[in-house]
Amino acid sequence: MSSDQKAIAILPARLESSRLPRKALKDICGLPMIVHVFKRCLLAKKLDEVYVATDSDEIKEVVEKHGGKVIMTSSNHQTGTDRIAEAANKIDADIVVNVQGDEALVNPKYIDKVVDELLKNPDINVGILVNPYFKKNSPSDIKVVLNNNNDVLYASRSD
């Protein structure tokens, strides 16, 4: 990254996913899901480092075996965002990008886009990428409602 500010991505991952247990380690074309996400994040040009935040020794071992960095976190977190907050407190960084550990097809250009916006607009504390959404009755997908200024009003799994 060319800026004076350090930008990192943190990927929260746990084995005990309620909708799909052991999701982080599910095989996708010969690699665990979390490794796919980690490697996609490494393709982003604006990130200085990428970390996986987990409470699982098994996930830690898999990520490190593939050259990744891991921050161990508490098992008591309710959300991935809570896990990221704990991990972020252990790292000196100006910008922290939350990339969910199950985003196996995350586009590195989108990561760069959000980092660029945060660098250009230091008054913004939090940024979120939002795409048009047309699918119905998909509670696994998070939908975001924006106002006319593109500020987030709320996020929901409901249509």
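Just so you know, these numbers come straight off a predicted model, no measurement behind them.
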To the nearest 0.5 Å, atom NZ of Lys69 lies from atom CD1 of Ile10 at 12.0 Å
Closest heavy-atom contact between Glu64 and Val70?
CG-CG2, 4.0 Å
Salt bridge (Lys or Arg N to Asp or Glu O under 4.0 Å): pairs with one or both residues in residues 95-106, sequence neighbours excluded
Lys23-Asp102
Would you say that Pro12 contacts Gln100 through its side chain, given a criterion of any heavy-atom pair below 4.5 Å between the two side chains?
yes
Would Val99 and Leu118 show up in the same hydrophobic cluster when neighbours are defined by side-chain heavy atoms closer than 4.5 Å?
yes
Is any NZ, NE, NH1 or NH2 atom of the basic residue among Asp55 and Arg14 found under 4.0 Å from an Asp or Glu carboxylate oxygen of the other?
no
Partners of Asp94 by side chain to side chain donor-acceptor pair (under 3.5 Å), sequence neighbours excluded?
none
With side chain to side chain contact (heavy atoms under 4.5 Å, CB included) as the criterion, how do Glu58 and Arg22 come out once you've worked through the C-alpha distance, each side chain's angles and the decisive distance to 0.1 Å?
CA-CA 10 Å; Glu58 193 174 350; Arg22 301 184 59 79; 2.5 Å; yes
Pairs under 3.5 angstrom only: tabulate donor-acceptor contacts from the side chains of residues 28-43 to other protein residues two or more places apart or in another chain.
from: His36; atom 1: NE2; to: Ile28; atom 2: O; distance (Å): 2.6
from: Arg40; atom 1: NE; to: Val106; atom 2: O; distance (Å): 2.9
from: Arg40; atom 1: NH2; to: Val106; atom 2: O; distance (Å): 3.1

Pair Lys65 + Glu61: basic N to acidic O under 4.0 Å:
no
Thr54: which residues meet the side chain to side chain donor-acceptor pair (under 3.5 Å) condition with it, sequence neighbours left out?
none
Gln78 to Asp82 - nearest heavy-atom pair and separation:
N-OD2, 3.4 Å
Answer whether the closest heavy-atom distance between the side chains of Leu25 and Ile59 falls below 4.5 Å.
yes
Closest non-hydrogen atoms of Leu47 and Val115, given as atom of the first, atom of the second and distance, are CD2-CG2, 4.2 Å
Donor-acceptor contact present, side-chain Lys90 to main-chain Met72, <3.5 Å:
yes
Hydrophobic cluster membership, with links at side-chain heavy-atom distances under 4.5 Å among I/L/V/M/F/W/Y: are Leu11 and Val62 in one?
yes
Using every non-hydrogen atom in the two residues, find where Asp159 and Ser138 come nearest and quote the distance to one decimal.
OD1-N, 4.3 Å
Return yes if some donor-acceptor pair links the side-chain N/O of Asp48 with the main-chain N/O of Ala7 below 3.5 Å, else return no.
yes
Mind running side chain to side chain contact (heavy atoms under 4.5 Å, CB included) on Ile95 and Leu119 for me, showing each step along the way?
CA-CA 8 Å; Ile95 295 172; Leu119 288 171; 3.6 Å; yes
Heavy-atom count check: over 12 atoms from other residues, nucleotides or ligands less than 6.0 Å from Asp92 CG?
no
Is the count of non-hydrogen atoms from other residues, nucleotides or ligands lying under 6.0 Å from Leu105 atom CG greater than 12?
no
Main-chain N/O of Leu146 paired with Asn150 side-chain donor or acceptor, under 3.5 Å:
no
Arg157 backbone acceptor or donor facing Lys143 side chain under 3.5 Å
yes
Please lay out, stage by stage, how Lys109 and Ile111 fare under the test side chain to side chain contact (heavy atoms under 4.5 Å, CB included).
CA-CA 5 Å; Lys109 291 179 183 177; Ile111 294 170; over 6 Å; no
Side chain to side chain contact (heavy atoms under 4.5 Å, CB included) evaluation trace for Ile91 with Ile71
CA-CA 9 Å; Ile91 304 169; Ile71 299 170; 2.9 Å; yes
For Ser74, does its backbone N or O pair with a side-chain atom of Arg83 as donor and acceptor, under 3.5 Å?
yes
Atom pair CG/CD1 of Asn98 and Ile8 - distance to nearest 0.5 Å:
11.0 Å
Taking all atoms of both residues into account, what is the closest heavy-atom pair of Ala13 and Val52, and its distance?
CB-CG1, 4.1 Å
Measure across Ala88 and Val96 and return the closest heavy-atom pair with its distance rounded to 0.1 Å.
CB-CG2, 4.2 Å
Partners of Asn121 by side chain to side chain donor-acceptor pair (under 3.5 Å), sequence neighbours excluded?
Glu117
Go through the structure and list residues passing side chain to side chain donor-acceptor pair (under 3.5 Å) with Lys135, not counting sequence neighbours.
Asp141
Would a hydrophobic clustering, with Ile, Leu, Val, Met, Phe, Trp and Tyr connected at side-chain separations under 4.5 Å, put Tyr154 with Val126?
no
